Amino acid sequence: MAQSDFLYPDNPKRRQEVNRLHQQLLDCLSDSFDVTNKLTEVLNTHLGCRLASIEMKRDGTIKENCDIIIQAIMKIQKELQKVDEALKDKLEPTLYRKLQDIKEKETEKIAIVQKVISVILGEATSAASAVAVKLVGSNITTGIINKLVTVLAQIGASLLGSIGVAVLGLGIDMIVRAILGAVEKTQLQAAIKSYEEHLVEFKSASEKYNHAITEITNTVKHQMK
């Protein structure tokens with residue numbers, strides 16, 4: 001038992017809670033890496049991008065890993081902006097506006113993109129058109145991706161940002177020391193509060209991101225049948 005436990009008898013439970021919340025945060029972080037790599041593969045395969053996959057930095061901090069994902073997403077957004085600009089340039093204004101219209105059927109949007117995708121990419125595939133529609137012609141998907149970037153930036157700038165991702169291999173006391181530097185009641189309470197607040201947003205953003213990209217990959221598979 002740590003010396004401070006005599007003064008703060010609830011500390012052992014708080015240590016376990018910090019450990020549990022840290023694992024949940026890392027699970028969300030790992031999922032975001034995986035989903036970003038899935039999106040990268042889709043763009044490379046169907047839109048001719050040359051984006052590199054990313055890996056979690058096991059010896060890095062939470063902030064460093066959040067930044068890796070943010071930078072990868074920013075590169076993805078840059079590629080999507082190029083496609084969007086090309087569509088705007090090649091399509092008639094009325095047709096381009098239809099791509100942004102949430103009331104327009106997705107099949108119609110794919111048909112619109114199909115008219116010019118070969119000029120943009122050098123070849124025409126329904127899968128490429130579907131990807132373009134899902135990622136360029138959807139404000140919902142754009143909003144989901146932007147929300148994830150915002151949440152990751154907030155986590156990186158928070159109390160949690162400087163915490164190493166690899167501390168889970170240690171004992172619970174060592175984990176807390178690695179996270180907080182010292183074990184005191186107020187620090188544990190602050191850590192738990194920070195984890196809980198950020199996890200609510202991170203889980204929601206991560207799940208929506210995962211769902212949106214999974215929907216895109218499923219659409220691509222359907223178009224390729």
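Quick caveat, the model's predicted, so the values are computed rather than measured.
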Answer yes or no: is there a donor N or O on one side and an acceptor on the other, between the side chain of [X] and the main chain of [Y], under 3.5 Å?
| X | Y | value |
| --- | --- | --- |
| Ser204 | Val200 | no |
| Glu64 | Thr61 | yes |
| Ser30 | Asp27 | no |

Worksheet item: Just checking, is any N or O donor in the side chain of Asn146 or Thr142 under 3.5 Å from an acceptor N or O on the other one?
Response: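 No - no donor-acceptor pair under 3.5 Å links their side chains.
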
Worksheet entry | Counterpart residues, salt bridge (charged side-chain N to carboxylate O under 4.0 Å, His left out), relative to Lys90 (two or more places apart) |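 So Lys90 forms no salt bridge (charged side-chain N to carboxylate O under 4.0 Å, His left out) with any residue.
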
What's the separation between atom [atom1] in [X] and atom [atom2] in [Y], rounded to the nearest 0.5 Å?
| X | Y | atom1 | atom2 | answer |
| --- | --- | --- | --- | --- |
| Ile76 | Leu39 | CD1 | CG | 4.0 Å |
| Asn65 | Met56 | CG | CE | 5.5 Å |
| Ile69 | Asn37 | CD1 | CG | 9.5 Å |
| Glu79 | Leu47 | CD | CG | 9.0 Å |
| Ile216 | Lys38 | CD1 | NZ | 12.0 Å |
| Ile54 | Thr36 | CD1 | OG1 | 4.5 Å |

Discussion item. Salt bridge or not between Lys109 and Glu106? Use side-chain N to carboxylate O under 4.0 Å.
Written reply: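 Salt bridge absent between Lys109 and Glu106.
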
Closest approach of [X] and [Y], non-hydrogen atoms and distance?
| X | Y | result |
| --- | --- | --- |
| Val151 | Phe202 | CG1-CA, 3.7 Å |
| Cys66 | Gly156 | SG-N, 4.4 Å |
| Ile117 | Ser129 | CG2-OG, 3.7 Å |
| Leu80 | Val136 | O-CG2, 3.8 Å |
| Cys28 | Ser206 | O-OG, 3.8 Å |
| Ile70 | Ala153 | CD1-N, 3.7 Å |

Discussion item. Pair Phe33, Ile68 - check side-chain contact (heavy atoms from CB on, under 4.5 Å), show working.
Written reply: CA-CA 9 Å; Phe33 271 89; Ile68 290 171; 3.7 Å; yes

Counting only pairs under 3.5 Å, give me each side-chain donor-acceptor contact of residues 92-99, with atom names and distances, residues two or more places apart or in other chains.
from: Tyr96; atom 1: OH; to: Asp84; atom 2: OD1; distance (Å): 2.7
from: Tyr96; atom 1: OH; to: Asp84; atom 2: OD2; distance (Å): 3.3

Item to complete: Dump the intermediate steps for side-chain contact (heavy atoms from CB on, under 4.5 Å) on Glu201 and Thr150, then the final yes or no.
Response: CA-CA 10 Å; Glu201 278 203 294; Thr150 299; over 6 Å; no

Does any part of the side chain of [Y], heavy atoms only, come nearer than 4.5 Å to the side chain of [X], both counted from C-beta?
| X | Y | result |
| --- | --- | --- |
| Val133 | Thr219 | no |
| Lys63 | Asp67 | yes |
| Lys78 | Met74 | no |

Worksheet entry | Pairs touching residues 39-53 that satisfy side-chain hydrogen bond (donor to acceptor under 3.5 Å, both in side chains), sequence neighbours left out |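 Residue pairs passing side-chain hydrogen bond (donor to acceptor under 3.5 Å, both in side chains), neighbours aside: none found.
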
Worksheet item: Any link between Val113 and Ile102 through a network of hydrophobic side chains (Ile, Leu, Val, Met, Phe, Trp, Tyr) touching at under 4.5 Å?
Response: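 Result: no, two separate clusters.
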
Discussion item. Hydrophobic clusters here meaning ILVMFWY residues chained together by side-chain heavy-atom distances under 4.5 Å, can you tell me if Ile140 and Val131 are in one?
Written reply: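 Yes, it is one cluster - the side chains of Ile140 and Val131 are joined through contacts under 4.5 Å.
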
Item to complete: Go through the steps to decide whether Ile145 and Thr141 satisfy the test side-chain contact (heavy atoms from CB on, under 4.5 Å), and finish with yes or no.
Response: CA-CA 6 Å; Ile145 293 174; Thr141 304; 4.1 Å; yes

Item to complete: Check the pair Leu152 / Leu29 against side-chain contact (heavy atoms from CB on, under 4.5 Å), numbers first and verdict last.
Response: CA-CA 9 Å; Leu152 287 168; Leu29 204 57; 4.0 Å; yes

